[in-house]
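Here's the structure we're looking at; comments come further down.
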Amino acid sequence: MLLPAKAEVARHLRRYRSWERAMLAAPGDRSVRATFEDSGYTLCVLMGKRCAREAAEAAERYLGSAGGPYLRERSGHGRPKTPAHSGALALGHSAAER
């Protein structure tokens, strides 16, 4: 089995966790929820899992329990801004499929 690059896994895991926090802070915001779900889907594909939570856990295990430099937030990469669109089209999903 091919394994993804650790830097790529770390980037998507940071994105997923950041959107998770944003979604929990604003659960009624449909664009935040959609982007959170899209980030989970991407992590699932990357890690070969069917559930975003399992994919995040697998990514954390893959990167090591402490996470090392891969999980540390880089300067300028704080909480995500609400996107102009949900990003659903980038993954081939229409709004009706949501």
Side-chain angles (χ1 to χ4, degrees):
M1 177 174 148
L2 287 175
L3 296 175
K6 286 191 174 189
E8 197 67 15
V9 172
R11 184 171 70 88
H12 286 287
L13 181 59
R14 278 192 309 269
R15 183 176 188 266
Y16 173 79
R17 292 296 187 202
S18 185
W19 281 108
E20 179 181 45
R21 288 187 301 274
M23 195 273 308
L24 291 171
D29 188 327
R30 296 179 80 172
S31 65
V32 170
R33 181 174 289 276
T35 306
F36 167 65
E37 290 172 357
D38 288 346
S39 68
Y41 174 80
T42 301
L43 198 57
C44 285
V45 171
L46 194 62
M47 299 308 298
K49 299 292 182 183
R50 297 183 71 165
C51 167
R53 180 162 285 153
E54 290 175 7
E57 290 170 0
E60 289 168 348
R61 281 192 307 273
Y62 179 59
L63 297 172
S65 59
Y70 296 109
L71 290 179
R72 289 194 192 112
E73 296 279 335
R74 290 182 274 170
S75 61
H77 295 307
R79 183 176 175 205
K81 293 182 173 59
T82 303
H85 61 82
S86 70
L89 296 177
L91 292 173
H93 299 296
S94 69
E97 292 175 313
R98 298 228 159 254

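- A distance of 6.0 Å separates NZ in Lys6 from OH in Tyr62, rounded to the nearest 0.5 Å.
- The two residues Gly40 and Ala52 make their nearest non-hydrogen contact at CA-CB, 3.9 Å.
- Listed by chain and residue number, Arg11 satisfy the salt bridge (Lys or Arg N to Asp or Glu O under 4.0 Å) test with Glu8 (two or more places apart in sequence, or in another chain).
- Within the 4.5 Å cutoff, no side-chain heavy atoms of Val9 are placed close to those of Glu60.
- The structure places CE of Met47 at 13.0 Å from OG1 of Thr42, a figure rounded to the nearest 0.5 Å.
- Atoms OG1 and CZ, on Thr35 and Arg30 in that order, are 12.5 Å from each other to the nearest 0.5 Å.
- Here Ala56 pairs with Leu13, Tyr16, Arg17, Leu43 under the side chain to side chain contact (heavy atoms under 4.5 Å, CB included) rule; sequence neighbours left out.
- In this structure, Arg50 and Cys44 have side chains that are not in contact, with every pair of non-hydrogen atoms separated by 4.5 Å or more.
- Here the CD atom belonging to Glu54 is positioned 8.5 Å from the CZ atom belonging to Arg61, to the nearest 0.5 angstrom.
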